[in-house]
Every structure is written in structure tokens, then in C-alpha cells.
Peer 1: 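The structure's right below; bear with me while I get my questions together.
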Amino acid sequence: MKTSWRSASLVASAVAVLALTTACGQDSGTQSASQNVGASAAAGGYGGTGLGTDAGAAADGQQAGAQAAPAGKLAVSANAELGKVLIDSAGRTLYRFDQDTAEPPKSTCEGDCATAWPPVPAGDAEAGEGIDAALLGEVTRPDGTKQLTVAGWPAYRFAKDVNPGDTKGQGVGGTWYALAPDGKKAEVADLPGLSTRKDPKLGEIVVDKNGHTVYRFMKDEAWPKPVSACNGECLEKWPVVAPVGANDTKGLDKEGLMSFTRNDGVKQQTVDCWPIYTFAGDKKPGDTNGQGVGGTWYAVSPDGKPVGAPAK
């Protein structure tokens, strides 16, 4: 898909950018100086590995019991960010661990790790619609219990996935991934540079090529030319979105879709001439942890408006 989105000619892109630049009144290619604001916005808690102290998430006896339940009939769930994901009969997402092996099947997750990532019992596990029964198997763990495998990969649940459909374990520590029906990692589908997705709470919002939510800063300016008020330490929490060609987008209003040169020399993308950013606190596709931070940061609608911002 990536090739198809980037197949348009450079000439066409240059013409489009020139027209949009004029629309936003950008003429010098640089922005006026601005103070460093927004740097103090709290990023919130993020970046844990899901092991060690995180294992306390399974301390509650009822939750731990649910995590250890048999898998039952497995099913395929259509996840908006990850595509097809394997779930158990209760709707819990199943995961695989990069430090395990599939040939031969072997689990390396024990002790505290197995508390945070409960192994899925082989027990009564069976293949539901869309799942090849031949891919299901089992491996004997060091404690003698039988763990479900999918295409040889030992399967786990994540203790912090409380509700059916949760995928909080996706990408944790760069080693844990939801299982696709064929046993491979469920990962973000190839996306254009900018596109949109339907968020259950925010509606249609803009995401970048990695599926991460895009934000606007209410202290920025768009007219007569884009000006970013996020500088210095602020940029560590709110990285700028690099320029994206007009032909490398899907679902966005292309009027005012352009890039500009910041006063630090970095080029930044805009939507409706407003500078856009991602949030360091969003660790996986679908996260919207930056929404409303400091009362100044908001997700972006396809036409460039800040989603959920108070009316002026």
C-alpha cells in the first residue's frame, strides 16, 4: 500500500504545495519568533514494560482467576488499528512474546512475567471461524502445565486487559504483540502519511503513518501564516509531524494541507494551515492520551478543527 500512496509525481505535489502555501499566506518560509510554552504539560504515566511492578495488576483474586480461565472457542476480532486479532471465548486478546520460540515451541515467561502475562491453558481450546485448527497446539511449561500455542508460538493474555477487546499489551516493551489468526504479530496496517480513523469517543480524527493520533496546540497560529508556539522542551513531549505530500493522504480536506519552516529550521506539516504534532504519551495506535492535556492540546478532525476544544 505504501508504494501506491507515494506513486504520484513530484511535479504534481510541488504544484499542490505551492497553491496551498499561497492560501495560508506563507511567503518567507520561516515563522516569527515565539516563546516556549506548553513544555510543562504533563505527559502522564507511560513507558512501563508490563513486567516487574506491573505484575500487581493481577493481584486481585477475581481478575487473576479470569485470566487463568480456559481459552474455549477462539475467534477472530477485527481491530481498527491492528487488523485481525485472535481472541478467546471471553473476548480477551491473545499475545505472543518475542523472547519465546516457535520452532520448537518454548515459553520463556515465568515468575513475575507469567503473573503480568498469564499463559493461556491449552485445555479446551478450539478453532472458531477463520482459524486453521492445524495451527493450534500446546507446549509443556517448566511447571508441567500445558500452554496453548498458535503456529508454535505460546499464547498469553495481558493482566491489564480488563475488558473484552482491550489491546493494552500491544507493543509493550517492544516484545509483546497481539496474535494474528496465523500466529504472526498483529501490527499496524500500512497507512498513508496522514489519514483518518473512527475513534469511539472522539469521532473521525487524523492519524499519522504509524496510526498515532495527531494533535493541535491552541496557542499556535495559522493565519496569515503558520506559527508554532511549541519549542524547546515542549517538542520532547509533542514531536512535530514531518511534511507529507498531498498525494500521501486519505480522508483529509486538502485545502490548507501544507508544510512550513519553523524558526528552528525544522519543517512541519499543517492541516488547514494549523501545525500538527503527535504525543510522546501515546505508545500505540489508538491512544489518545494527549486529548485535552493542559486545556490546550486536542485531536484534529479531517478539516483541521480541534476535536472537543471549548467553544470560544
Peer 1: Does Lys250 offer a backbone N or O that forms a donor-acceptor pair with the side chain of Ser195 under 3.5 Å?
Peer 2: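 No: the side chain of Ser195 does not pair with the backbone of Lys250.
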Peer 1: So does Gly304 get a backbone contact from the side chain of Arg216, meaning a donor-acceptor N/O pair under 3.5 Å?
Peer 2: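 Confirmed, Arg216 side chain pairs with Gly304 backbone.
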Peer 1: Between Asp98 and Tyr177, is there a side-chain heavy-atom distance shorter than 4.5 Å?
Peer 2: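 Yes. Closest side-chain heavy atoms under 4.5 Å.
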Peer 1: Is it the case that Lys84 and Ser77 place a side-chain donor and acceptor less than 3.5 Å from each other?
Peer 2: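 Not at all, the side chains of Lys84 and Ser77 share no donor-acceptor pair under 3.5 Å.
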Peer 1: Which heavy atom of Pro302 sits nearest a heavy atom of Val271, and at what distance?
Peer 2: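 Heavy-atom minimum between the residues: O-CG1, 4.2 Å.
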Peer 1: Picking from Val241, Asp220, Asp208, Val206, what satisfies side-chain contact (heavy atoms from CB on, under 4.5 Å) with Ile276?
Peer 2: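 Going through the options one by one, the only one that passes is Val241.
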Peer 1: Are side-chain heavy atoms of Pro275 and Arg262 found at a separation under 4.5 Å?
Peer 2: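 Heavy-atom side-chain distance check fails, nothing below 4.5 Å.
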Peer 1: Can you list, by chain and residue number, the hydrophobic cluster partners of Val307 when the side-chain cut-off is 4.5 Å?
Peer 2: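 Its cluster mates, by chain and number, are Leu202, Ile205.
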Peer 1: Give the minimum heavy-atom separation between Lys254 and Ala246, together with the two atoms involved.
Peer 2: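 For Lys254 versus Ala246, the nearest heavy atoms are CE-O, 3.0 Å.
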Peer 1: Closer than 3.5 angstrom, by distance alone: can the side chain of Thr270 be matched with the main-chain N or O of Gly256 as a donor-acceptor pair?
Peer 2: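 Side chain of Thr270 to backbone of Gly256, a donor-acceptor pair under 3.5 Å: yes, one is there.
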Peer 1: Answer yes if the side chains of Asp143 and Thr145 hold a donor-acceptor pair under 3.5 Å, and no otherwise.
Peer 2: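 Indeed, the side chains of Asp143 and Thr145 share at least one donor-acceptor pair under 3.5 Å.
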Peer 1: Can you label the angle between the Tyr156 ring and the Phe97 ring as parallel, tilted or perpendicular, going by 30° and 60°?
Peer 2: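 Tyr156 vs Phe97 ring planes: perpendicular.
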Peer 1: Apply salt bridge (Lys or Arg N to Asp or Glu O under 4.0 Å) to Asp248 and Lys209, showing your working.
Peer 2: CA-CA 9 Å; Asp248 191 21; Lys209 63 182 180 180; over 6 Å; no
Peer 1: For Tyr215 together with Trp238, are the ring centres under 6.0 Å from each other?
Peer 2: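 Yes - the distance between ring centres of Trp238 and Tyr215 falls below the 6.0 Å cut-off.
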Peer 1: Do you know which two heavy atoms are closest between Cys109 and Trp176, and how far apart they sit?
Peer 2: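 For Cys109 versus Trp176, the nearest heavy atoms are SG-CH2, 3.9 Å.
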Peer 1: Got a donor-acceptor contact below 3.5 angstrom from the Gln147 side chain to the Ala155 backbone?
Peer 2: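 Yes.
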Peer 1: Within the distance-only criterion (no hydrogens, no angle test), does the side chain of Arg96 pair as donor or acceptor with the backbone N or O of Val150 below 3.5 angstrom?
Peer 2: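 A pair under 3.5 Å: no.
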Peer 1: Side chain of Asn210, backbone of His212: donor and acceptor closer than 3.5 Å?
Peer 2: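 Between the backbone of His212 and the side chain of Asn210 there is no qualifying donor-acceptor contact (under 3.5 Å).
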Peer 1: If two hydrophobic side chains count as joined below 4.5 Å and joins carry through other members, does Leu148 share a cluster with Leu86?
Peer 2: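 Yes, Leu148 and Leu86 fall within the same hydrophobic cluster.
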Peer 1: Run the numbers on Arg157 and Leu94 for side-chain contact (heavy atoms from CB on, under 4.5 Å), then give the verdict.
Peer 2: CA-CA 5 Å; Arg157 299 181 179 99; Leu94 302 189; 4.1 Å; yes
Peer 1: Sub-3.5 Å donor-acceptor pair from the side chain of Arg197 to the main-chain atoms of Gly286, do we have one?
Peer 2: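 Confirmed, Arg197 side chain pairs with Gly286 backbone.
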Peer 1: Quick one: does Leu257's side chain get under 4.5 Å of Thr249's, heavy atoms only?
Peer 2: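 When only atoms from C-beta onward are counted, Thr249 and Leu257 do touch, with a gap below 4.5 Å.
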Peer 1: Establish, yes or no, whether a centroid distance under 6.0 Å links the rings of Trp117 and Tyr95.
Peer 2: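 Yes.
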Peer 1: Using a 3.5 Å distance criterion without hydrogens, assess whether the side chain of Asn289 forms a donor-acceptor pair with backbone atoms of Gly281.
Peer 2: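 Side chain of Asn289 to backbone of Gly281, a donor-acceptor pair under 3.5 Å: yes, one is there.
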